[in-house]
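Note that the coordinates shown come from a computational prediction; the quantities given were computed from them, not determined experimentally.
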Amino acid sequence: MTNARPVSHARLTDHLPALRATLMQQRHFRLQQLADLEAEIDRGAAPANAADTARYEVTIELAAAARQALADIEETLTLISTGRYGRCRRCHTEIPIHLLQTIPATQWCLNCRRHLPASGGCRPMRRQRPRKGVRTPRPGSPAERRTLA
């Protein structure tokens, strides 16, 4: 847990122009990315081999993720314009400014973000520590090669 204090509304308003500009840049990027991906999907003929099929499927997934990111950005811009930006959707506490500067489209505080259901890779991943007494093989060791085989 971080010791950062939530930002006051007055302090958030000081940062809104920069946050809005960042979101507009991200929006522009996503629009261009979607145009490129959709053009690639549209011109894609029937995949000739497994590599073409995989590339096509990845392009479809990228387009879906870009659409979701664009929707999140546009929703965040709406929150800014209606004065509801910077509060957690779950617990309604103020989101720390450092988090908004890092992820301007976030709508959850760090505590609530940990409790989001894992869906579509949106939940941050935590590194898992090996259980006590279980040794992880060193990279390149014979034990690792057996594990990978």
(request) Report the C-alpha distance between R43 and E38 in whole Å, list the side-chain angles of each, state the deciding distance to 0.1 Å, and finish with yes or no for side-chain contact (heavy atoms from CB on, under 4.5 Å). (result) CA-CA 9 Å; R43 73 175 167 263; E38 288 172 353; over 6 Å; no

(request) Could you tell me whether the side chain of R87 and the main chain of H92 form a donor-acceptor pair under 3.5 Å? (result) yes

(request) Using the test side chain to side chain donor-acceptor pair (under 3.5 Å), find all partners of Q25 that sit at least two apart in sequence or belong to another chain. (result) none

(message) I want to check something: taking the side chain as every heavy atom from C-beta on, are I80 and L23 in contact at a cut-off of under 4.5 Å?
(response) yes

(message) Within the structure provided, determine whether W108 and L116 are in side-chain contact (heavy-atom separation under 4.5 Å).
(response) yes

(request) Among Ile, Leu, Val, Met, Phe, Trp and Tyr joined by side-chain contacts under 4.5 Å, find the other residues sharing a cluster with F29 and list them by chain and number. (result) none

(request) Kindly work out whether a path of hydrophobic side-chain contacts (I/L/V/M/F/W/Y, heavy atoms less than 4.5 Å apart) joins I41 to L62. (result) no

(message) Nearest 0.5 angstrom please: L99 CG to E94 CD, how far?
(response) 13.0 Å

(message) How close do C109 and C88 get, counting heavy atoms only, and between which atoms?
(response) N-SG, 3.4 Å

(message) Checking side chain to side chain contact (heavy atoms under 4.5 Å, CB included) between P104 and each of T22, I73, D72, which is the one that passes?
(response) T22

(request) Check for a donor-acceptor pair, side chain of T82 on one end and backbone N or O of L79 on the other, with a separation under 3.5 Å. (result) yes

(request) Would you mind reporting whether Y85 and L77 have side-chain heavy atoms less than 4.5 Å apart? (result) no

(message) Tell me the closest heavy-atom pair linking L19 and L100, and the distance in Å.
(response) CD2-O, 3.3 Å

(request) For residues H98 and T102, report the shortest heavy-atom separation together with the two atoms involved. (result) O-OG1, 2.7 Å

(request) Check the hydrophobic clustering (I, L, V, M, F, W, Y; side-chain heavy atoms under 4.5 Å; chains of links allowed) and say if L12 and M24 are grouped together. (result) yes

(request) Flag the pair R11 and D14 as a salt bridge only when some basic side-chain nitrogen lies within less than 4.0 angstrom of an acidic carboxylate oxygen. (result) no

(message) How long is the straight-line distance from NE2 of H28 back to CD of Q33, given to the nearest 0.5 Å?
(response) 12.0 Å

(request) Hey, could you give me the CZ/CG distance between R67 and L34, rounded to the nearest 0.5 Å? (result) 6.0 Å

(message) With rounding to the nearest 0.5 angstrom, report the CG to CD1 distance, N111 to I95.
(response) 12.0 Å

(request) Flag the pair R90 / Q107 as yes when at least one side-chain heavy-atom distance between them is below 4.5 Å, and no otherwise. (result) no

(request) With rounding to the nearest 0.5 Å, note down the distance linking CG in D52 to CD in E57. (result) 11.0 Å

(request) To the nearest 0.5 Å, tell me how far L70 CG sits from R27 CZ. (result) 6.5 Å

(request) Please identify each residue that fulfils side chain to side chain donor-acceptor pair (under 3.5 Å) with Q32, with sequence neighbours left out. (result) D36

(message) Taking R30 first and then E74, would you say they form a salt bridge - that is, a charged N and a carboxylate O separated by under 4.0 Å?
(response) no

